[in-house]
Amino acid sequence: MELLERIREAARGAGEIMKSASDIRPSEIKSGHANFVTEYDALVQEYLEEKLAGILPEATFVAEEEGQEVFKEQDKTGFTFVIDPIDGTSNFMKGLRPSVTSIALLKDGKPYLGVIYDPYSDSMYYAEKGRGAYLNGSRIMSSEAPLSGSLVSMGTAPYYEKEVSASAFVIGHRYLQRSIDVRRSGSAAYDLCLVASGVTGLFFEPRLCLWDYAAGACIVCEAGGRITDFLGNPLSFTGKSSIVAASQGIVKEGGYLPPEELIR
Ligand code: IPD
Ligand code: CA
Ligand code: CA
């Protein structure tokens with residue numbers, strides 16, 4: 001079985017754990033505003049680390065819960081799995097959808113594979129560098145529509161100091177004036193899949209972690225979109241970054257980055 005297929009299988013297994021969850025309560029509150037962790041975040045991560053280590057024993061791991069959270073010098077060469085076991089934990093706790101599992105494989109520090117699975121709608125998004133992006137076996141491409149004809153989704157940077165989330169809302173309001181409307185899904189990885197599959201035209205959020213965006217970045221790029229920081233710089237894939245992912249239509253049109261004076 002090819003590598004990508006085996007990673008998808010691991011993502012499906014993670015989804016089974018998510019769907020089996022009952023009585024979901026916070027088991028921990030991380031620092032910052034309302035940053036909850038449930039026992040399932042840890043369970044899914046443990047499951048994925050074991051499965052993925054079996055698939056590619058030489059790979060290192062950067063994963064959200066426990067283990068190695070920090071990008072180290074050694075992750076710049078060879079293979080590194082970057083995992084967000086459950087992206088959208090607040091949704092997960094409250095029974096709101098989506099929540100997804102997100103797995104990226106970096107090769108020499110750059111995205112090589114991305115797999116994002118929404119178990120509740122059985123939607124498997126995936127991409128391999130240079131080989132296109134797919135949803136459940138069908139090729140996906142980002143939208144050709146301009147910003148004025150697109151939906152935009154945003155992340156609220158919920159865990160950070162109020163200035164950061166406040167600026168997200170101000171930037172969101174600017175996009176609202178230039179697009180059809182603005183949405184907030186509760187999962188950054190899923191938001192990136194929406195751009196890749198042509199549902200939305202643009203997604204932005206200040207200060208996302210590597211595990212929130214690494215898999216989605218691979219999928220967006222393979223779907224003809226572009227992902228950068230708020231200033232338009234290429235991502236370094238070594239840690240936190242502001243993120244703007246835009247469809248091919250919006251990239252072609254240009255002028256879509258957040259106004260610099262609004263960036264915190
Ligand atoms: C969060 C989600 C959310 C985004 C936050 C992320 P988590 O991840 O992706 O949409 O706004 O910035 O941290 O904590 O649910 O894995
Ligand atoms: Ca996340
Ligand atoms: Ca998470």
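All ligand and atom numbering here is 1-based and tracks the order in the structure. Worth saying up front: this structure is predicted, and the values here are computed from it rather than measured.
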Participant: Relative to each other, are the rings of Tyr190 and Tyr125 parallel, tilted or perpendicular (30° and 60° limits)?
Facilitator: perpendicular

Participant: Could you give all pairs that pass the ring-ring contact (aromatic ring centres under 6.0 Å, His included) test and reach residues 81-106, with sequence neighbours left out?
Facilitator: Tyr40-Phe92, Phe61-Phe81

Participant: Report all protein residues having a heavy-atom distance below 4.0 Å to some atom of ligand 1; order the list by chain, then number.
Facilitator: Glu64, Asp84, Ile86, Asp87, Gly88, Thr89, Pro158, Tyr159, Arg184, Gly186, Ser187, Ala188, Glu205, Leu208, Asp212

Participant: How many angstroms lie between atom OG of Ser241 and atom CG of Asp229, to the nearest 0.5 angstrom?
Facilitator: 5.0 Å

Participant: Using a distance-only test with no angle check, is there a side-chain donor-acceptor pair under 3.5 angstrom linking Tyr117 and Asp122?
Facilitator: yes

Participant: With side chains defined as the heavy atoms from C-beta onward, is the minimum distance between Leu147 and Val152 less than 4.5 Å?
Facilitator: yes

Participant: For the Ca ion (ligand 2), which protein N/O/S atoms fall under 3.0 Å? Skip waters.
Facilitator: Asp84 OD2, Asp87 OD1, Asp212 OD1

Participant: Under the side chain to side chain donor-acceptor pair (under 3.5 Å) rule, what do Asn91 and Ser187 come out as? Steps first, then yes or no, please.
Facilitator: CA-CA 8 Å; Asn91 281 0; Ser187 161; over 6 Å; no

Participant: Does Ala188 offer a backbone N or O that forms a donor-acceptor pair with the side chain of Asp212 under 3.5 Å?
Facilitator: no

Participant: Between the side chains of Glu9 and Arg12, is the shortest nitrogen-to-carboxylate-oxygen separation below 4.0 Å, so that they form an ion pair?
Facilitator: no

Participant: I'd like a table of donor-acceptor pairs (distance under 3.5 Å, sequence neighbours excluded) in which one partner is a side-chain atom from residues 103-115, with atom names and distances.
Facilitator:
{"from": "Asp108", "atom 1": "OD1", "to": "Gly78", "atom 2": "N", "distance (Å)": "2.8"}

